[in-house]
There are 2 protein chains.
Amino acid sequence: MFGKNLLVRMLDRRDTLPPDEIALIEALPVRPVTFGPDEEIVREGSRPAESCLVANGFAVRNQAIREGKRQITAIHVPGDFVDLHSILLKVMDHSVSALGSCDVVFIRHKDLLTAMGGSPHLTRMLWLSTTIDASIQRTWITCLGRRSAKQHLAHIICELYVRLEIVGLASDQTFAIPLTQAELGDVLGLSVVHVNRTLQELRAKDLVSWKDRRIVILDFQRLALLADFDATYLNLFHEPR
Amino acid sequence: MFGKNLLVRMLDRRDTLPPDEIALIEALPVRPVTFGPDEEIVREGSRPAESCLVANGFAVRNQAIREGKRQITAIHVPGDFVDLHSILLKVMDHSVSALGSCDVVFIRHKDLLTAMGGSPHLTRMLWLSTTIDASIQRTWITCLGRRSAKQHLAHIICELYVRLEIVGLASDQTFAIPLTQAELGDVLGLSVVHVNRTLQELRAKDLVSWKDRRIVILDFQRLALLADFDATYLNLFHEPR
DNA sequence: AAGGCTCATTCACATTGTTTAATTGGCGAG
DNA sequence: CTCGCCAATTAAACAATGTGAATGAGCCTT
């Protein structure tokens with residue numbers, strides 16, 4: 001129930017959900033599961049019959065490449081419909097795993113298709129959810145390709161703050177996320193050593209404090225300026241869609 | 001008409017389109033436009049009332065950042081529905097421009113919504129198109145973050161070959177694309193100089209020949225092995241969706 | 001044929017990122 | 001309490017990539 005309300009809140013922030021659509025979402029049968037740190041939620045190469053929604057905690061998508069390297073292609077926060085796209089893609093080309101302890105709910109594709117069957121607008125709202133993910137991915141591509149390590153790190157901190165704030169998990173320039181520096185490296189495409197150096201640069205400039213999985217943004221204005229951060233891509237505005 | 005048939009071919013490759021859905025697509029009113037090299041097709045920050053489909057030639061999405069740098073986040077080939085997502089996102093967070101001369105057709109969101117209104121399966125097929133784009137974007141993230149310049153270049157060459165082959169624009173290990181080394185740098189997140197160096201390495205290994213916008217893959221097997229290329233993410237299989 | 005484009009190429013050099021390895025500090029298990 | 005593990009931190013040598021300036025090759029225009 002917690003998971004479902006979160007999804008409603010995420011979607012309702014982008015466009016008003018009429019009561020019947022909220023009812024459709026809340027009536028979906030769910031299978032709640034808790035995963036421990038680093039446990040695999042969905043395996044690369046599998047053909048899921050259900051999609052999962054983060055209710056509590058964090059999940060990451062990652063693509064493994066040869067020689068044990070991996071790249072994290074997305075960080076999912078509560079309310080995110082992590083692998084909704086598997087309803088269309090069929091074969092997972094990446095895996096999803098828990099970052100810290102993570103509660104998710106699984107929803108069968110069959111039930112989602114039924115719910116969407118009679119409601120084109122609900123269908124679009126779910127489509128929107130995958131589209132916002134894609135928008136974030138484009139921004140990550142730009143960060144990886146054309147921003148310096150320092151800017152990139154600053155950018156991801158701004159993004160996480162904004163995304164967590166709207167689900168009530170960040171306030172007063174502070175949030176917590178169980179991300180080690182090694183994992184942060186897999187997000188930023190950097191080595192652990194360089195993540196550490198870069199983090200120290202931001203600390204030296206009194207922009208952030210990152211200690212024990214708790215991040216404090218000391219000066220959001222300057223951090224966003226450094227990162228060239230513009231929240232448009234997060235689509236945090238209310239529109240008929 | 002050419003554009004529409006190409007879209008049908010792209011979708012039909014992933015799942016059989018029943019005749020009524022093909023008819024719906026072919027009945028869509030289109031507005032064909034030809035753009036010259038580097039002309040802007042859709043502007044960042046705009047709120048389009050139509051989406052565009054590439055009929056002929058190539059288009060790129062790019063995100064500009066401060067100081068004139070830019071990152072290309074997608075390359076679109078004939079048959080691709082470039083900015084279908086604008087139907088949901090409303091405000092463009094990036095621009096689309098022509099790569100060489102490019103024929104596109106614009107289709108009004110209103111008409112698309114009407115066509116989808118009565119056909120949940122058609123809706124899903126269009127959703128699928130944006131989802132495959134997202135899948136390609138994830139792979140680009142991994143290339144940018146965790147592959148060397150050489151692997152990344154090899155990867156994009158493999159990807160372009162496969163994508164062009166299915167629309168009949170590549171065969172015999174050869175294809176043409178009007179991409180300068182500077183633009184390739186904006187795709188790979190590298191400087192022109194380094195693109196040039198990397199290209200020469202691939203040439204020296206007798207893997208590819210790239211001359212006058214014409215690429216010849218001399219040994220696909222070895223190139224794919226070097227790039228760690230696996231076409232799963234392109235979703236080139238036929239499934240009920 | 002001369003000039004002026006664009007693109008590809010080269011060089012020298014600066015910057016950034018990686019690798020490996022050693023060190024520190026916190027914290028839970030026994 | 002102490003051992004051992006994990007995350008974080010630091011160092012130094014090295015590799016990869018970026019920058020800026022200059023040159024060459026091809027092609028179009030005049």
Side-chain angles (χ1 to χ4, degrees), chain A residues 36-38 65-71 99-101 142-157 176-204 208-216 226, chain B residues 36-39 65-72 98-101 142-156 176-205 208-216 226-227:
Chain A
D38 275 326
I65 69 170
R66 282 187 313 223
E67 305 127 30
K69 288 188 191 174
R70 71 161 183 171
Q71 173 70 36
L99 198 63
S101 172
T142 303
C143 285
L144 281 160
R146 290 299 187 207
R147 283 194 234 267
S148 68
K150 206 192 306 183
Q151 286 186 302
H152 192 176
L153 176 55
H155 202 282
I156 199 86
I157 293 173
I177 186 168
L179 202 56
T180 67
Q181 293 190 10
E183 287 160 336
L184 194 50
D186 289 333
V187 170
L188 303 175
L190 302 175
S191 66
V192 199
V193 175
H194 204 61
V195 168
N196 185 267
R197 269 206 288 251
T198 311
L199 205 43
Q200 286 178 54
E201 287 186 73
L202 293 189
R203 283 199 272 246
V208 302
S209 138
W210 185 313
K211 194 166 184 325
D212 289 338
R213 281 93 220 265
R214 173 157 290 281
I215 294 101
V216 183
L226 167 67
Chain B
D38 275 326
E39 273 183 13
I65 70 170
R66 283 189 313 224
E67 303 127 31
K69 289 188 190 174
R70 70 161 182 170
Q71 173 71 37
I72 292 177
L99 198 64
S101 174
T142 303
C143 285
L144 280 160
R146 289 300 188 206
R147 285 193 234 264
S148 67
K150 205 193 308 183
Q151 286 187 301
H152 192 176
L153 177 55
H155 201 282
I156 199 86
I177 186 168
L179 201 56
T180 67
Q181 292 190 10
E183 287 160 335
L184 193 51
D186 289 333
V187 171
L188 303 175
L190 301 176
S191 66
V192 200
V193 175
H194 202 62
V195 168
N196 187 267
R197 270 200 289 248
T198 310
L199 205 42
Q200 287 179 54
E201 286 186 74
L202 293 189
R203 284 197 272 244
K205 293 188 171 200
V208 302
S209 138
W210 185 315
K211 196 169 182 321
D212 289 338
R213 283 91 220 265
R214 174 157 291 279
I215 294 99
V216 183
L226 168 67

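- Whole-Å rounding puts the B:Arg214 CZ to C:dA8 P distance at 16 Å.
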**Report entry** Protein proximity profile, nucleotides 6-18 of chain D - base contact B, sugar-phosphate-only contact S, no contact -, cut-off 4.0 Å on heavy atoms
**Finding:** -SSSBB-----BB

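- Between the A:Arg147 side chain and the A:Thr142 main chain, no donor and acceptor come within less than 3.5 Å of each other.
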Query raised in the report: When you look at B:Val216 and B:Lys211, which way does the side-chain contact (heavy atoms from CB on, under 4.5 Å) test go after all the steps?
Result: CA-CA 9 Å; B:Val216 183; B:Lys211 196 169 182 321; over 6 Å; no

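- In this entry the distance linking CG of B:Leu184 with P of C:dC7 reads 13 Å, nearest Å.
- The shortest distance between side-chain heavy atoms of A:Val192 and A:Thr180 does not fall below 4.5 Å.
- Judged by distance alone, the side chain of A:Arg203 and the main-chain N or O of A:Thr198 form no donor-acceptor pair under 3.5 Å.
- For the pair B:Lys150/B:Leu226, a side-chain contact is recorded, criterion being any heavy-atom separation below 4.5 Å from C-beta on.
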